[in-house]
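Side chains are part of it too, since the values below use all heavy atoms of this structure and drop only hydrogens, waters and symmetry mates. Each chain gets a letter, A, B and so on, in the order the sequences are listed, and its residues count up from 1. Keep in mind that what you see is a predicted model, and the values were worked out from it rather than measured.
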Amino acid sequence: MKSQLEELLLSALTRMGDGAFASAPRPQTVSIERTRDAQHGDFATNIALRLAKAARRNPRELAQAIVAALPPNPLVARAEVAGAGFINFFLTKRAYADEIARIHAEGVRYGRSTLGAGMRVLVEFVSANPTGPLHVGHGRQAAYGATLAGLLDAVGCSVEREYYVNDAGRQMDIFAVSVWLRYLELCSEELAFPTNGYRGDYVQAIAQLLLTQEGTRFHKPAAAIVAQLPPDGPAGDKEKHIDALIERARELLGRDGFRDVLKVSLAAMLGDIRSDLGEFGVEFDHWTSERALEDSGAIERALARLESEGNLYREEGALWFRAENFGDEKNRVVVRENGQKTYFASDIAYHLQKRERGFQRLIDVLGADHHGYVARVRAGLTAMGEPGESLEVNLVQFVSLYRGTEKIPMGKREGQFVTLRQLRAEVGNDACRLFYLMRSHEQHLDFDLELAKSRSNENPVYYIQYAHARVASVLAQLASRGMHFDRAEGLAHIELLKSAAEELVLQQVARYPEVIETSALNRTPHGLVHYLRELANAFHSYYNAEQFIVADAPLRNARLALVIAVQQVLRNGLALLGVAAPESM
RNA sequence: GCGCCCGUAGCUCAGGCGGAUAGAGCAUCGGCCUUCUAAGCCGAGGGUCGCAGGUUCGAGUCCUGCCGGGCGCGCCA
């Protein structure tokens, strides 16, 4: 609808020709938006106001000329000049009838477009370290990333979803050692658990798994382990302590033995994360391993590429990247004094690899605490000759859990944090997804468990689902009265729908493609949530105002055609959000 | 100290590219079930858009400075 009007307006401007303007109008200057007030018609444009200065003409007079140049169109009943120079468009009933017919014809595909056709996009999200279960913050990133990817797919982009697995590096070693120590406890060894180790019941569960799966072949006496280790914190240096502990594990188990412990731990943790996300309705096309990236030599290649352009230098024994030259606030270490590559090194290699895989647009969904990252990764890409703008980072703000008005404290290491799994078990997947997406991703989220759980009118989840179920209920009622829906007759009589409630539903339901478009382009899934609530609201009002199943067959079928269209749009929208669309409640 | 995000109704929040009288949910108050599910609908009250300047036909929206809150500023990931 909107795009058709834009074309119409553009052709009017073209028809008026260069004579009317200092320069020919470009398509970007054509913008049409929904009106807020029905008195202003269905759509309005401020084009005349914007072009008035360049054309050196009075805005109202210019608007009048544009209206006069508009080619006649069956969708437009009339266009008139209003206010300071707005042009208001009043659509015909036919325009809405066409749109309802389109919804019926396209079904689950309704709302899709080809705006992003040809654009290959990689959406990387969650990517939580596999050293513990996902927490509620990851859940929000999962919901956001999955829906964003779905929206981009809906506007025609070729989208792939990716989880980057940080399975290399020190944190992973610490995790493996933590599992090993718990395993030794199961073998009846008595040891002090390191301050920096991973606590939490899940570590012990994995230790148990290790024991059942691999037997006691990793059993070493406690005395051999603690012998001559530097003291742990707080008295000693907890970092040195844990590093020594990792080294000791490698000595005692052998490199292969330690790697086996790590492998089992990683597989168990990753399995848990994957199933957690799967149950949450979040699937990935790729699980990219940092270790595999390193083994493939990608990091060396990335560093070589930086080196060849003279963007690396040595200082105090470390190898540095001149990030400052590419917009970052300081230079960054890529290889430490001890010869180990930094996380940043693998990260830029990873992003280079994404480009090499042919993605034009790299979207990273990250927790808000990672914002310091953006400039340096972009600097890395630029320095390697890739366009910095190809990287787009969407930061997702934190989640605070409330039980009513009481805030739930969330400490990370203490094992006291609430996991995504716990949250899902308590409030259900649907409420989780919707609550996560209700607010702008760049806004802190207060998540009230009581509200999300309540089966009452306070809970926005049911409001939308209920509208969908109600339509199903109407159709069941229709069948039980021995009637059936005649689609052809209904679509042929949309003009009979002219009450205020009906006009509002027609207008809302036809807005869906525009909502998908703006939500995708602005990366704002919450726009879709707000829209679905408004559509449900229009429907519920209609339901209360009018009886659908009436004796008059053309009117009955027209009304049913409309509410079935509403149901289809609700279903399509909820599917994008990952929320169920129940037939009954 | 520097950088990023945020500040809109009692509470939680919407308000692409600057546009017409700033919206919604919850809460409060008052109505609607002999009629397709009341998990619903209708109505009312409620605002110095943090503060102060600036840009212009027009600013919640853009710019500058303050105030308040969150986060980040490692040879950690």
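Taking for each of Leu478(A) and Lys2(A) the nucleotide of RNA chain B with the nearest heavy atom, the 5'-most of the two is the partner of Lys2(A). Two residues, His40(A) and Glu239(A), neighbour RNA chain B, and the one matched to the more 5' nucleotide by heavy-atom proximity is His40(A).
Distance check on atom C1': G7(B) versus G15(B) gives 15 Å, rounded to whole Å. When the P atom is used for both G10(B) and C6(B), the distance is 22 Å, rounded to whole Å. Comparing the P positions of C51(B) and G43(B) gives a spacing of 31 Å, expressed to the nearest Å. Comparing G46(B) with G40(B), their P atoms are spaced 26 Å from each other, to the whole Å. Comparing G47(B) with C13(B), their C1' atoms are spaced 15 Å from each other, to the whole Å. The same atom, P, is picked in G23(B) and in G16(B); the two are 14 Å apart, to the nearest Å. Distance noted for atom P between A22(B) and G50(B): 15 Å (whole Å). Taking the C1' atoms as reference points, G25(B) lies 34 Å from C66(B), given to the whole Å.
When both distances must be under 3.5 Å, the Watson-Crick or G-U wobble mate of U34(B) does not exist.
Counting non-hydrogen atoms under 4.0 angstrom, Tyr543(A) reaches a base of the nucleic acid.
Not one N or O on the side chain of Arg439(A) forms a donor-acceptor pair closer than 3.5 Å with the backbone of His444(A).
Classification of the Phe539(A)-Tyr543(A) ring pair by plane angle, with boundaries at 30° and 60°, yields tilted.
Between His441(A) atom NE2 and C13(B) atom C1' there is a gap of 15 Å when expressed in whole angstrom units. When the C1' atom of U12(B) is taken as reference, atom NE2 of His526(A) falls 14 Å away, rounded to whole Å. To the nearest angstrom, C1' of U12(B) lies 11 Å from NE2 of His530(A).
With distances taken from any side-chain atom of Asn522(A) to the nucleotides G74(B), G16(B), A24(B), the minimum falls on G16(B).
For the pair Glu502(A) and Arg559(A), the salt-bridge criterion is met [side-chain N within less than 4.0 Å of a carboxylate O]. Ion pairing of Glu300(A) with Lys341(A) is present here, as a side-chain N (NZ or NE/NH1/NH2) and a carboxylate O approach within less than 4.0 Å.
A distance of 6.0 Å or more separates the ring centres of Phe447(A) and Tyr402(A).
Put simply, the side chain of His371(A) and the base of C5(B) share no donor and acceptor less than 3.5 Å apart. Side chain Gln340(A) to base C76(B): no donor-acceptor pair is found below 3.5 Å.
Taking the O4'-C1'-N9-C4 or O4'-C1'-N1-C2 dihedral as appropriate, G10(B) has a value more than 90° from 0 and is therefore anti.
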